[in-house]
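Please read the structure below before turning to the comments.
To find a chain, count down the sequence lines: A is the first, B the second, and so on, and within it residues start at 1.
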Amino acid sequence: MRVRQNRDPPRTERKFVHVDEQLHERVREVIASVPAGKVATYGDIATVAGAPSPRMIGRILAEDGHDLPWHRILRANGTPAPHLAHRQLELLRAEGVLADGQKINLRRYRWQQ
DNA sequence: TAAGTGACCTATA
DNA sequence: CTATAGGCCACTT
């Protein structure tokens, strides 16, 4: 349970500040709850957090994902977002999540199937 | 107001 | 495996 700690700059000074702050926060929580060695898809996060669309997850991560385990989030087919692929697979490998080429075996590593 | 743009998804061919 | 097609939704142009 995470109750807004020292996360700066203050919300009021961020670029995207508004109504869905609540959802935004919930999404962060869900992502943070994915354990090391496991992965989840954008869709998984959206469903669990109640986000209207998986696209929102990527958007939130791009804006506010620096302090989250963003590398544990994959696309529905097990591959990472193209522009991050190299780095992401590297981080996953470091926690024992091995890729077959660019693809991760979701059957094996997915969190809460 | 309309069209373009994403760390996306599912279905079909 | 690749390629479309349509849907998704907040945001920018």
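- On the P atoms, dA7(B) is 23 Å away from dG6(C), given to the nearest whole Å.
- The listed nucleotides are dC1(C), dA7(B), dC9(C); the one nearest the side chain of Met56(A) is dC9(C).
- Going from atom CG of Leu106(A) over to atom P of dC9(B) covers 10 Å, rounded to whole Å.
- Salt-bridge check for Arg87(A) with Glu90(A): passed, with a basic side-chain N closer than 4.0 Å to an acidic carboxylate O.
- Straight-line distance from the OH atom of Tyr42(A) to the P atom of dC9(C): 18 Å, rounded to whole Å.
- Here dC8(C) presents its C1' atom at 16 Å from CZ of Arg75(A), a figure rounded to the nearest Å.
- Per the geometry, CG belonging to Leu92(A) stands 14 Å off C1' belonging to dA7(B), to the nearest Å.
- When rounded to the nearest whole Å, the span between CZ of Arg87(A) and C1' of dA7(B) equals 15 Å.
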Would Leu61(A) and Val27(A) count as a side-chain contact (heavy atoms from CB on, under 4.5 Å) here? Give the steps.
CA-CA 9 Å; Leu61(A) 278 179; Val27(A) 169; over 6 Å; no
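- Taking side-chain N and O atoms only, Arg59(A) has a distance below 4.0 Å to OP1 or OP2 of dC11(C).
- Whole-Å rounding puts the Leu23(A) CG to dC8(C) P distance at 18 Å.
- Taking atom CD on Gln22(A) and atom C1' on dA10(C), their separation rounds to 18 Å, with Å as the unit.
- No hydrogens or angles considered: nothing links the side chains of Asp44(A) and Thr47(A) as a donor-acceptor pair under 3.5 Å.
- Base engagement by Ala62(A) is indicated by at least one non-hydrogen atom pair under 4.0 Å involving a base atom.
- At least one donor-acceptor pair under 3.5 Å links the side chain of Gln88(A) to the backbone N or O of Ile73(A).
- Following rounding to the nearest Å, Ile60(A) (CD1) and dA7(B) (P) show an atom-to-atom distance of 14 Å.
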